[in-house]
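Below is one structure, written out as structure tokens; the observations come after it.
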Amino acid sequence: MASSTPQPPPSAAVFAVNGQRFELRGGDDPGATLLDFIRTRTRFTGPKLGCGEGGCGACVVLLSTYDAAADQVSHAAVSSCLTLVHGLHHCAVTTTEGLGNSRDGLHAVHARFAGFHASQCGFCTPGMCMSLAAALAGAEGKGSGPPPREGFSRLTSADAERAVVGNLCRCTGYRPIADACKSFAADVDLEDLGLNSFWKKGDAHVDKLPPYKEGSIGAFPEFLKAEIRASLRIDKCMSATVMAGSESSWHRPRSVEEYYRLIASDSFDGSGTKVVAGNTSSGVYREAEVYDRYIDLRDIPELNSVSKDSEGVQIGAATSISRVIEILRREGDDCKDVIFGKIADHMEKVSSHYVRNTATLGGNLVMAQRDEFPSDIATILLAAGSSVCIQVSSGKLNVTLDEFLEMPPCNYKTLLLSISVPHCTPDNVSSSAGAVNMTGDKTESSLLFETYRAAPRPLGNAVAYLNCAFFAQISSDESSGSLILEKLNLAFGAFGTRHAIRGRDVEKYLVGKPISASVLLEACTVLKKSIVPKEGTTHSAYRSSLAVAFLFTFLYPMTKRNVKPARSARLNGHAASDTNGNPNCPPSADIDLSLKETNSVKSGLHNNDHILESCKQIVEISKDYLPVGIPAKKVGAELQASGEAVYVDDIPSPEGCLYGAFVYSTKPLAHVNSIELDPSLEQLKTVAVITVKDIPKGGGNFGANTIFGPEPLFGDPLTQCAGEPLGIVVAETRNFANIAAKRAVVNYSTETLDSPVLSIEEAVRRCSYFETPPFLLPQNVGDFSKGMEEADQKIYSAEVKLNSQYYFYMETQTALAIPDEDNCMVVYSSSQCPEAAQNNIATCLGLPCHNVRVITRRVGGGFGGKAVRSLPVAAACALAAFKLRRPVRMYLDRKTDMIMTGGRHPMKICYSIGFKSDGKVTGLHVDLFINAGMTMDISPIIPHNFIEALKKYNWGAFSYDAKICKTNISTRSAMRGPGEVQGSYVAEAIIEHVASVLSTDANLVRQRNIHTVESLALFHSECLENALGYTLPSICNQLTASANYQYRSEIIQTFNKTSQWKKRGLSFVPIVHKVLSRPTPGKVSILNDGSIVVEVGGIELGQGLWTKVKQMAAFGLGQLWADRSQDLLERVRVIQADTLSVVQGGWTTGSTTSECSCEAVRLACNIMVDRLKSLKEQLQEKHGKVSWDGLISQAKMVGVDLSAREYYIPGASGSYLNYGAAASEAEIDLLTGATTVLRSDLIYDCGQSLNPAVDMGQVEGAFVQGIGYFMSEEYVTNTDGLVVSDGTWTYKIPTVDTIPKQFNVELRNSGFHKKRVLSSKGIRFLPCCDIYGHITNG
């Protein structure tokens, strides 16, 4: 009798993760990504969800495939948040855990990242490690010749830097990451690498590095190889379209015919089916759909084939962009083709390497054709004269790319089969017997091809403001000497057009004409009329100007007759190299050098140029309080690199756990009548919608609470801004919750409501202000009216506007709430203030605080955004768990986080100033308007911070008026240097303005107005400083000397006189930073075996708090031995913050929590030392020498209390000033506006640094975050105040290719400071303010 036991469906996919075999079956979600699978179906948590768009690199893993016929394994980095797990049949996946771990042994990649201090918050580190690992494995797989030197790889230093170009880090400033990568490079000089824990300067040697051996990355499992070989034998006997039976949701047709039979079948539903290859489009167009079936095109041979003939190369549409780059380079290696190398160069600017490895050529073009995607590839192929082959129901069609782009948008019935890229050599370019000059003499044609793009980042991973490509066939008129354009293709894209277009009006005007200055000018005029961005396009005027600038750059050399006819011209993007990175291809001798320099290209990437030219770190290590003061590795850095460090979202989901997602308002001011789920999404298994009505009796609608008042959790019944939470959708998976929340239907009405206040100007007009407590406002200095009377010159009502900035912590807001017995709740929150979260949750739920336990182990980046703005997430999560009596976790997707969380305060500043003819300021008045958003948050402290930063100069007499504007935008909160960054910027703007009026050097004006000790006491009366402590003048003198300021200034002046299209600037910026310490608890406990546990109120955000606290505990307890014979550092463990263990934890903000926590721990250690000292003396008298273990063993036996707590209260010494300065040199392209920071030199007074490596990381990271604020980050809203810069596609933080080319930092040891914590000074926010100068003078 047959068994009635149901049989499981056959495997849909078999693959390996870190050598472990996994199977997917037909019932599994076909839309699940590899990241989803790894984080929910395996024990590995190394890959992180940072954006879900393939734009940050936090989820990067190594994908390995095996070619059984060739017996070869190929490796590639891929973005696991975009890769569909069902498409990984017979692949092997390696996460950072697969490289090594702390128990079995770390891989060299992990150990070097930790040792070079390249991990701070650590959330990005696993992805960084895997990008580097993929580069190492790839170089090994492509390597030939002898193996590299022991300990090194086949990578070059330039390749190693570029391995992490697409990975984002908000903490480190990238310099240490680049050093960790370059430590593997075969051509690196180890002495050039920066501060590390392996050697001291001058003592570098590869033997001191963690050893690296080829073959240690990405071993392909033997069992999977065997299955692949076996499947090949089976495949020869059968063909399968469906991988798991007829009811499967994943289909892999083996031919074009099978594909069309599949979509014609009765079971096919076009609306519920998605056709995929690389699936990277889901990162561009975030899906709010659920698909029942997927059709994977990658098994269709015709879509993967590559062929070539005399006409060119034909590439299958499913070929990855990375492989296309390799194909074009290989085909162009003979140097006879004008365009292949240039196309390959430009393609390396498309997205990032881990996306290019899976994104397909055809997919990119289809997005451009169907979805108006601003494709670079479509533009450059259009200029190259490419064509495509498409399959429609009636058969195959060969059309030009231009015709394809103009067709109606493609649907699933149109299949793009292949793309043909023609050869471009003089032999196959049509010409009617060559060009003929006026005398009838034939001249030889020359070919030029160039590509351009302008984007927020130079090396890609950013959509262009405009891209273009130009192909020209030119000849010389020997009688006149003029150059004549015989043929011209001009293609433009990404400027706010439906798709890439040809500039046919300009082509028609130019072809056949001798190129002169007047002809070029008219051509630019014609072009400007053609490049018209559609309405609503950001920076539309700039985009139009770029088109003109690039055309000018291309044609201008021809007007100077700097082009010599050549059989072929293959121009590289750098004047120093004309080989496209191919050492076997010599520069063409037929191209005039002046043409190469003028036609320098923005797209040349394939070369050996370094991203970072040089970096220097100077620290002075203090040995007064060892181990405090040494540059010890950050605590947990190895765990962060290996993926073992546990963040909130890494905690395993408890049984029955649900997932929540916010429904937020899209209106700035409206009544909320109802919230309903889309009825078409029944399959999403939503459990509930939690609203204000679900808040329990006795609780309240509290989302956050500060000393300035509460704010609501839900905007119901009235929403006050776009982005305000209205409710929470709870579902059985995170993806289902997010989709249901995004498609929720909210019914609004605006009857009886005034129009919203969406700007500072409107707030001023309607007097919409928050009150500022008077005690927070600094005092005026002197009499402004008298100061103006003394002035020789005056400026009235000048204006400065500053926009917002988003935090872009790598880990978004997250919480996990677990109901506990007796009406209690345990909440794991990624928060800078667990105590505030506890209070707020208890108030919201109507519970006593002792019923709410909030735990925070580590935070994946904060910058102020995980302080007040984390509270609504924790409260909402706890409310849902309390209501449903089940665990609930929330992890905001990047878009929701960016829309809801807010960021830095926008400001408008008006100032009037009087000054002498020598630049000495006599009086300054400032009117300050701050956009706080819809609630107060901490906005009342911003005027204080702004004014204190502004006071870094002696303004003579100083007065101000500050208004905090209440507007209907999302609440703004503290962000790294809140108010201080803006205040410092405005101070420099004022100095520059004065210098401009006087036509003098701004640095002379700075020197005239820098504080003396006496004026400093007048402007900062609460922070008295003596001449020895006021180190700013000596820092300025030292920096100008060490940075060769005067010499470089003269060099720059010479450069600017001789360079027509690029200009350089050099600026010097001093900083005075007021530091305010706060009370902080510390607890030290010694366990039975002598190990030490430390608890503090401060939270580890990546700033190294745990590291400094650990060092301080080892120092404090080590004082029992005057000879320092007991090294206790490795016995100390700092543990997570727990609100029911260490109370009064306070807020980890303001750059002082590390030093305050250290002082609390030191005081607790003093208590412990006092308890143990007499016992130690007794044992010493009896036994002579006493060890730590012996002492603790005896202490336990005699009943010594081995736990001590102290609450450090700073007192009058808690407020002090810190100083620093920076000199920066920048270069700007006048045609495109592209700016490069060539060099930055920074000096900071750290007192005696508690840990120079940690402080160095804070300096560099804050400085680069300042670069982002002032140069690349745009936090844009629509007309309703809803944030539209809501992801990695539209919001661009700095990357490794945007930091200074030369980056030099010195931490100055200013000696003994009696009132400081072991003579140390806080430093975390200070460098953010130092970026101003090179922007204004660049």
Side-chain angles (χ1 to χ4, degrees), residues 170 456 538-539 664 668 720-724 756-764 768 770 799-809 812-813 861-869 894-909 928-943 945-946 949 963-986 989 1262 1265-1288 1290-1294 1325 1328-1329 1331-1332 1335:
R170 195 55 151 168
T538 59
H539 309 296
Y664 53 78
Q720 298 182 66
C721 79
E724 184 178 15
V757 178
L758 296 174
S759 68
I760 288 175
E761 290 77 10
E762 181 65 12
V764 172
S768 178
F770 289 115
E799 186 176 292
V800 177
K801 285 187 176 181
L802 291 169
N803 295 323
S804 188
Q805 181 184 23
Y806 169 61
Y807 305 100
F808 216 106
Y809 29 60
T812 60
Q813 303 283 2
F863 318 112
K866 298 284 180 68
V868 181
R869 303 326 308 156
R894 182 62 66 179
K895 178 176 182 177
T896 301
D897 195 284
M898 295 191 74
I899 287 173
M900 286 180 48
T901 306
R904 196 179 296 282
H905 289 76
M907 293 183 183
K908 178 180 177 180
I909 303 96
L928 172 63
F929 302 94
I930 299 164
N931 192 338
M934 73 167 189
T935 62
M936 275 208 288
D937 198 278
I938 53 81
S939 294
I941 72 168
I942 299 300
N945 292 2
F946 179 95
K963 293 285 193 296
I964 301 175
C965 300
K966 180 180 181 180
T967 61
N968 297 110
I969 67 168
S970 56
T971 297
R972 290 327 191 231
S973 190
M975 182 175 178
R976 203 171 201 167
E980 297 155 325
V981 172
Q982 297 98 316
S984 183
Y985 180 93
V986 170
Q1265 194 169 105
I1267 290 177
Y1269 177 44
F1270 291 112
M1271 296 185 70
S1272 68
E1273 299 177 38
E1274 294 183 287
Y1275 204 26
V1276 181
T1277 61
N1278 65 12
T1279 54
D1280 283 331
L1282 181 69
V1283 172
V1284 292
S1285 296
D1286 55 11
T1288 57
T1290 50
Y1291 193 84
K1292 299 300 180 183
I1293 70 171
F1325 291 152
C1328 245
C1329 310
I1331 194 60
Y1332 173 89
I1335 300 161

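This chain uses plain numbering: 1 for the first residue, then up along the sequence.
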Please check if the side chain of R904 supplies one atom and the backbone of R976 the other of a donor-acceptor pair under 3.5 Å. yes

Taking side-chain contact (heavy atoms from CB on, under 4.5 Å) as the test, write out the residues that go with P756, two or more places apart. P668, L669, L758, N968

Can M907 and I942 be said to form a side-chain contact (heavy atoms from CB on, under 4.5 Å), step by step? CA-CA 10 Å; M907 293 183 183; I942 299 300; 3.4 Å; yes

Residue list, side-chain contact (heavy atoms from CB on, under 4.5 Å) with S759, at least two apart or on another chain: E761, E762

Can any side-chain N or O of S1285 pair as donor or acceptor with the backbone N or O of V1276 at less than 3.5 Å? yes

4.5 Å side-chain heavy-atom contact, Q1265 and M975: yes

Close side-chain approach of T812 and Y807, heavy atoms under 4.5 Å: no

What residues form a side chain to side chain donor-acceptor pair (under 3.5 Å) with D937, not counting sequence neighbours? R869, S973

Identify the heavy atoms of P906 and S804 that sit nearest to each other, and give their distance. CG-CB, 3.9 Å

Contacts of type side chain to side chain donor-acceptor pair (under 3.5 Å), residue E1274, not counting sequence neighbours: H539

Going by ring pair (Phe, Tyr, Trp, His ring centres under 6.0 Å), name the residues that satisfy it together with F808, two or more places apart in sequence or in a different chain. Y806

Given 3.5 Å as the limit, does a donor-acceptor pair link the side chain of K908 with the main chain of E799, or not? no

Taken in chain and number order and not counting sequence neighbours, the residues that satisfy side chain to side chain donor-acceptor pair (under 3.5 Å) with Q813 are Y809

Residues forming a side-chain contact (heavy atoms from CB on, under 4.5 Å) with N803, sequence neighbours excluded: none

Can you list everything that forms a side chain to side chain donor-acceptor pair (under 3.5 Å) with S1272? Sequence neighbours excluded, please. none

Answer yes if the side chains of R972 and S970 hold a donor-acceptor pair under 3.5 Å, and no otherwise. yes

Are the side chain of N1278 and the backbone of D1280 linked by a donor-acceptor contact shorter than 3.5 Å? yes

In the structure I gave you, are the side-chain heavy atoms of V757 and K966 within less than 4.5 Å of one another anywhere? no

When every non-hydrogen atom of M900 is compared with those of G723, the smallest separation belongs to CG-O, 3.1 Å

Taking the side chain as everything from C-beta on, heavy atoms only, tell me whether F946 gets closer than 4.5 Å to I930. no

Which residues satisfy the side-chain contact (heavy atoms from CB on, under 4.5 Å) test with A932, sequence neighbours excluded? F770, S939, I964

Testing the basics here: between A989 and V800, what is the closest heavy-atom pair and its distance to 0.1 Å? CB-CG2, 4.3 Å

Checking Y664 now: which residues fulfil ring pair (Phe, Tyr, Trp, His ring centres under 6.0 Å) with it, not counting sequence neighbours? none

Quick check: do Y1275 and Q805 have side-chain heavy atoms less than 4.5 Å from each other? no

Can you check whether I760 reaches T967 side chain to side chain, under 4.5 Å on heavy atoms? no

Quick one, T1277 and V1283 - any side-chain contact, counting heavy atoms below 4.5 Å? yes

Would you confirm whether Q982, through its side chain, and H905, through its main-chain N or O, come within 3.5 Å as a donor-acceptor pair? yes

